[in-house]
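We're numbering straight along the sequence, starting at 1.
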Amino acid sequence: MTVHGDMSARHVPFSRCAIWQRQKAFFETEGVNAWNGQVPFYITSNPYLAHAYATLIFRFLQDCRQKTRGAASGPFYILELGAGTGTFSYYLLRRLMALKESSDVFVADFCYVMSDVSRKNLEFWQAHAALQPFVEQGVLDFARFDLDGDGTVTLEVSGTVLGAEPATTAQKPFVVIANYVFDAVPHDLYRVEEGRLLETLVPPALAAPPNQSANAALNLVTLLRDCEEREVAWPHYEQAALDGVLQGYLGLSGAGRFLFPVSALRGIARLRERVSPEILLLVADKGILHAGDRNEDGRLTVGLHGGCLSVTVDLEAVEHYARSEGGDCFHQASEGIITSLFTLGMELRSLPETRLALQQFMGTFNPGHLYDVLRYFDETRPRARLETLVALLELTLWDPFVFNRFFDVILASLPYAQPYAVHRLAENVQQIAGNFYFVPGATDSLFNLGMLLQEIRLYAEALEYYEASIYYFGRTDAALYNLGLCCYGLGRRDEALAWLRETVAMTPEHVKARGWISLLQEQSDTVHPSAISASSS
C-alpha cells in the first residue's frame with residue numbers, strides 16, 4: 001500500500017505536497033477577502049443557480065418524506081461545503097424559505113449548514129446582518145469543516161454534532177452542496193502505461209509559482225521536476241470504493257497523466273460513514289466527464305487565482321463512485337462549467353419529485369448556460385436595448401451582478417425605452433436590492449439603484465437606497481450630492497441645502513454642489529426637475 005502522508009519522505013503523493021498546504025493556508029488567512037478580486041465565484045453563486053438547487057432540494061425532501069413517513073427524528077440537514085463569502089447560501093436560503101412559505105406540503109424541519117475550512121469565514125457569516133434572521137428562525141447553523149477530516153460536523157449555534165455516532169440506514173438522507181470546492185482540494189496524480197497504473201510522487205515542498213492574476217493558467221507538468229513514479233499496489237486507499245474507482249482508469253485511452261479527486265471522494269465517503277449513507281450531492285465546478293477524450297494538457301492545465309489554484313475535476317470519477325455505492329448521477333455540461341447531481345445509497349428512479357425538478361432545471365436551460373448568455377450580452381452591449389436587458393434581468397431573477405454589469409447601458413437606454421420596460425424595471429428594484437449581499441469589495445448596487453430611481457424621478461424611493469448605500473459603504477460626496485438633489489426634487493429645500501453643504505464640506509472643490517447651493521439660496525422655485533440628474537462621482 002502506498003503511504004499517504006509521510007512528509008519526511010523524499011517523494012510523496014501529489015495530494016500531500018506543499019501546494020495543498022499553501023492552498024488551505026491561503027483560504028484560512030484571507031477569509032472572505034479571498035473572493036475580493038482573487039478567486040472567481042459568480043457563476044456558482046448567483047440567484048438562478050440557487051433557485052435551481054432550492055427547487056431540487058424542495059422536491060428531494062418531498063420524496064424523502066414519502067419514504068421515511070416521519071420514521072427518523074430531527075431536521076433534514078443541508079451541508080454546503082466551502083461556503084466562502086456566504087453569497088450563495090443567502091440566495092439559497094431565501095428561495096428555500098419562499099418555497100416553505102408558499103407550500104402546504106413542504107417538509108418544514110430543515111437546517112442549512114454553512115461550512116468552510118476558514119474560521120474567519122465563519123466569523124464573517126455569524127456577524128452578517130443578512131443571515132441573522134435565518135439563524136433566529138432556526139434554519140441556519142455554521143460549522144468549520146474540512147473534507148480531509150473524519151466526517152464529523154459540529155454545529156456552532158445548536159452544538160449538535162452530526163456524525164457523533166456511525167451512520168445507520170435509519171438516519172435521514174442528507175444534502176451536500178459543493179460549488180467550486182472539488183477543484184480546490186487535494187488530488188493525486190497517476191498515469192496509465194501498458195495496462196499498469198503508475199502514481200506520480202513529488203517532492204514534499206512542491207509549490208505553485210507566485211501569482212497575482214485572478215485567472216492565469218499553468219500546465220501542471222511544468223512543475224513536475226525531480227519526481228518519481230511507482231506502480232500502484234492494491235489495496236491502495238483505505239476505502240475499497242476509492243480503489244474501485246481508481247482501477248477504472250486502467251482502461252483510460254491516450255497517454256499522459258491524470259488527476260484523481262481523492263479528497264472529494266474520501267470526504268464524501270466519510271460523510272456517508274458518519275452522517276448518513278444516503279446523500280444527494282449537488283456540484284457545480286470546472287470539470288471533465290471523459291478523461292480519455294481529453295489530452296494531458298487539457299487534464300492538467302490549472303488556474304492560478306492570486307494565492308491559490310484550481311484544477312479541472314474529473315466528475316466522471318465521482319459518478320463511478322456514486323454508482324458503485326448504489327446511486328445515480330445526472331450531468332449538464334456547458335462551456336467552462338459542469339453542473340451535476342449525484343445520489344449515493346439511493347437511485348433516482350425512487351425519487352420521482354427530484355427527477356421532475358432535475359428535468360426542469362438541468363435538462364433544459366441550466367445554470368451553465370447562464371454564462372453563455374451573459375457573454376453574448378457583453379459582446380453585443382453597444383446594441384443592447386433596455387427591453388432586452390430587462391428580459392435578461394428577469395431570466396437571472398433580478399441578479400445585482402447583472403444589473404451592475406450593464407448599469408451604464410441601462411442608464412443610457414432610459415430615454416429611448418418603451419414605457420413598459422421602464423415600469424417593469426422600476427417595480428423590481430426591490431427584487432434586486434433583496435438579492436444584495438454585502439461582502440468586502442462588492443459593487444455598490446444600492447447606490448446604482450438610487451441613481452436609476454433618481455433618473456426616472458422616483459426621488460423618495462431613491463433617497464432610501466442612497467441612505468442604505470451610506471450604511472454599507474460609508475458617506476461619499478456622490479451619495480450626499482444625490483441626496484440633496486432628490487430632496488430638492490421632493491420640494492424639501494432646507495434638507496437639500498443641508499446635504500449639499502455636507503457634500504462641499506467633504507469635497508470643497510465639488511463645483512456642482514456649490515452651484516446648486518447658490519441657486520437654491522437665490523431662487524428656490526425656478527429650477528425644472530429635469531435638471532436633477534444623478535451623479536456617479
K.L.:
Assess the side chains of Y42 and D399: does a donor N or O sit below 3.5 Å from an acceptor N or O?
P.N.:
yes
K.L.:
Return the minimal non-hydrogen interatomic distance between S15 and V262, and the atom names on each side.
P.N.:
CB-CG1, 3.9 Å
K.L.:
Does the ring center of H51 lie less than 6.0 Å from the ring center of F58?
P.N.:
no
K.L.:
Determine whether L463 and L483 make a side-chain contact, defined as any pair of heavy atoms from C-beta on separated by less than 4.5 Å.
P.N.:
yes
K.L.:
Would you say the side-chain atoms of D477 and T507 include a donor-acceptor pair closer than 3.5 Å?
P.N.:
yes
K.L.:
Any side-chain donor paired with an acceptor under 3.5 Å for T354 and D63?
P.N.:
yes
K.L.:
How close do C308 and Q23 get, heavy atom to heavy atom, and via which atoms?
P.N.:
CB-OE1, 3.2 Å
K.L.:
Check the pair L341 / L280 against side-chain contact (heavy atoms from CB on, under 4.5 Å), numbers first and verdict last.
P.N.:
CA-CA 7 Å; L341 176 146; L280 175 75; 3.7 Å; yes
K.L.:
Donor-acceptor check, side chain of N46 to backbone of L49, threshold 3.5 angstrom: yes or no?
P.N.:
yes
K.L.:
Between R270 (side chain only) and G149 (backbone N and O only), is there a donor and an acceptor less than 3.5 Å apart?
P.N.:
yes
K.L.:
Please confirm whether Y472 and F438 have ring centers closer than 6.0 angstrom.
P.N.:
yes
K.L.:
Do F60 and F76 make the cut of ring centroids closer than 6.0 angstrom?
P.N.:
no
K.L.:
Just so I know, are the side chains of Y90 and F134 near enough to count as touching, which here means a heavy-atom distance under 4.5 Å?
P.N.:
yes
K.L.:
Side-chain atoms of residues 400-411: list all donor-acceptor pairs with protein atoms under 3.5 Å, sequence neighbours left out, distances to 0.1 Å.
P.N.:
| residue | atom | partner | partner atom | Å |
| --- | --- | --- | --- | --- |
| N404 | OD1 | N448 | ND2 | 3.0 |
| N404 | ND2 | P400 | O | 3.0 |
| N404 | ND2 | S445 | OG | 2.8 |
| R405 | NE | D378 | OD1 | 3.3 |
| R405 | NE | D378 | OD2 | 2.9 |
| R405 | NH2 | D378 | OD2 | 2.3 |
| D408 | OD1 | R381 | NH2 | 2.7 |
| D408 | OD2 | R381 | NH2 | 3.4 |

K.L.:
What pairs with E123 under salt bridge (charged side-chain N to carboxylate O under 4.0 Å, His left out), at least two apart in sequence or on another chain?
P.N.:
none
K.L.:
Could you check, using the six-membered ring where one of them is a Trp, whether Y465 and F447 have ring centers closer than 6.0 angstrom?
P.N.:
no
K.L.:
Closest heavy-atom contact between A143 and V113?
P.N.:
CB-CG1, 3.9 Å
K.L.:
Begin with the C-alpha distance, continue with both residues' side-chain angles, and end with the deciding distance and a verdict on side-chain contact (heavy atoms from CB on, under 4.5 Å) for L271 and L79.
P.N.:
CA-CA 10 Å; L271 284 171; L79 173 67; 4.1 Å; yes
K.L.:
May I have the step-by-step check of side chain to side chain donor-acceptor pair (under 3.5 Å) for N482 and Y466, ending in yes or no?
P.N.:
CA-CA 8 Å; N482 288 345; Y466 287 135; 3.1 Å; yes
K.L.:
If a pair satisfies salt bridge (Lys or Arg N to Asp or Glu O under 4.0 Å) and one of its residues is in residues 78-97, list it, with sequence neighbours excluded.
P.N.:
none
K.L.:
Hey, does I456 have a side-chain heavy atom less than 4.5 Å from the side chain of L414?
P.N.:
yes
K.L.:
Would you name the heavy atoms of V181 and L81 that are closest together and state the gap between them?
P.N.:
CG2-O, 3.3 Å
K.L.:
Return the minimal non-hydrogen interatomic distance between A333 and L289, and the atom names on each side.
P.N.:
CB-CD1, 4.5 Å
K.L.:
Would you check if the distance from the ring center of W35 to the ring center of F27 is below 6.0 Å?
P.N.:
yes
K.L.:
Can you list the residues that meet the salt bridge (charged side-chain N to carboxylate O under 4.0 Å, His left out) rule with E316, with sequence neighbours excluded?
P.N.:
none
K.L.:
Say you draw a straight line from CG of L131 to CG of L93; how long is it, rounded to the nearest 0.5 Å?
P.N.:
7.5 Å
K.L.:
Using only heavy-atom distances, determine whether the side chains of D141 and Y77 contain a donor-acceptor pair under 3.5 Å.
P.N.:
no
K.L.:
State whether the side chain of N435 and the backbone N or O of P47 hold a donor-acceptor pair below 3.5 Å, judged by distance alone.
P.N.:
no
K.L.:
Establish, from distance only, whether the side-chain atoms of D116 and S118 form a donor-acceptor pair under 3.5 Å.
P.N.:
no
K.L.:
Return the set of residues passing salt bridge (charged side-chain N to carboxylate O under 4.0 Å, His left out) with R22 (not counting sequence neighbours), or none when no residue passes.
P.N.:
none
K.L.:
Hey, do the aromatic rings of Y437 and H128 have their centres closer than 6.0 Å?
P.N.:
yes
K.L.:
Grab the two heavy atoms, one from F145 and one from S115, that are nearest each other, plus how far apart they are.
P.N.:
CB-CB, 3.8 Å
K.L.:
Taking CD in E165 as the centre, count heavy atoms belonging to other residues, nucleotides or ligands within less than 6.0 Å. Is the count above 12?
P.N.:
no
K.L.:
Out of R119, K120, R144, which residue meets the salt bridge (Lys or Arg N to Asp or Glu O under 4.0 Å) rule with E28?
P.N.:
R144
K.L.:
Identify, with sequence neighbours excluded, every residue that meets side-chain hydrogen bond (donor to acceptor under 3.5 Å, both in side chains) alongside T85.
P.N.:
T87
K.L.:
Got a donor-acceptor contact below 3.5 angstrom from the Q132 side chain to the Q126 backbone?
P.N.:
yes
K.L.:
Are any side-chain N or O atoms of Q332 and backbone N or O atoms of I338, one a donor and one an acceptor, separated by less than 3.5 Å?
P.N.:
no
K.L.:
When you compare the side chain of P440 with that of V32, does any pair of heavy atoms fall below 4.5 Å?
P.N.:
yes
K.L.:
Please answer whether the main-chain N or O of L99 pairs with a side-chain N or O of S102 as donor and acceptor at a distance below 3.5 Å.
P.N.:
yes
K.L.:
Going by atom types only, do T343 and D328 share a side-chain donor-acceptor pair under 3.5 Å?
P.N.:
no
K.L.:
Are the side chains of E278 and Q171 in contact, using a 4.5 Å heavy-atom criterion?
P.N.:
no
K.L.:
Using atom types as modelled and distance alone, determine if a side-chain donor or acceptor of S276 lies under 3.5 Å from a backbone N or O of K172.
P.N.:
yes
K.L.:
Are R355 and R59 close enough that some pair of their side-chain heavy atoms sits under 4.5 Å apart?
P.N.:
no
K.L.:
With a 3.5 Å cut-off and no angle check, do the side chains of H369 and S334 form a donor-acceptor pair?
P.N.:
no
K.L.:
If I take atom CD from residue Q62 and atom CG from residue L356, how far apart are they, to the nearest 0.5 angstrom?
P.N.:
9.5 Å
K.L.:
Side-chain contact, heavy-atom cut-off 4.5 Å: S310 with K286?
P.N.:
yes
K.L.:
Could you state the interatomic distance from CG (L265) to CG (L242), rounded to the nearest 0.5 Å?
P.N.:
5.0 Å
K.L.:
Under 6.0 Å between ring centres: does that hold for Y321 and F342?
P.N.:
no
K.L.:
For Q430, does the CD atom sit with more than 12 other heavy atoms under 6.0 Å from it, leaving out its own atoms?
P.N.:
no
K.L.:
Please answer whether the main-chain N or O of C329 pairs with a side-chain N or O of H331 as donor and acceptor at a distance below 3.5 Å.
P.N.:
no
K.L.:
Can you tell me if T396 uses its side chain to pair, donor with acceptor, with the backbone of L393 under 3.5 Å?
P.N.:
yes
K.L.:
Under 4.5 Å between any side-chain heavy atoms of M114 and F142, yes or no?
P.N.:
yes
K.L.:
Please check if the side chain of E394 supplies one atom and the backbone of V390 the other of a donor-acceptor pair under 3.5 Å.
P.N.:
no
K.L.:
Would you give the length of the straight line joining atom CG of D183 to atom CG of D285, rounded to the nearest 0.5 angstrom?
P.N.:
4.0 Å
K.L.:
Between atom CD of E387 and atom CG of L425, what is the distance when rounded to the nearest 0.5 Å?
P.N.:
10.5 Å
K.L.:
For the atom pair OG (S263) and CD1 (I268), what is the distance rounded to the nearest 0.5 Å?
P.N.:
11.0 Å
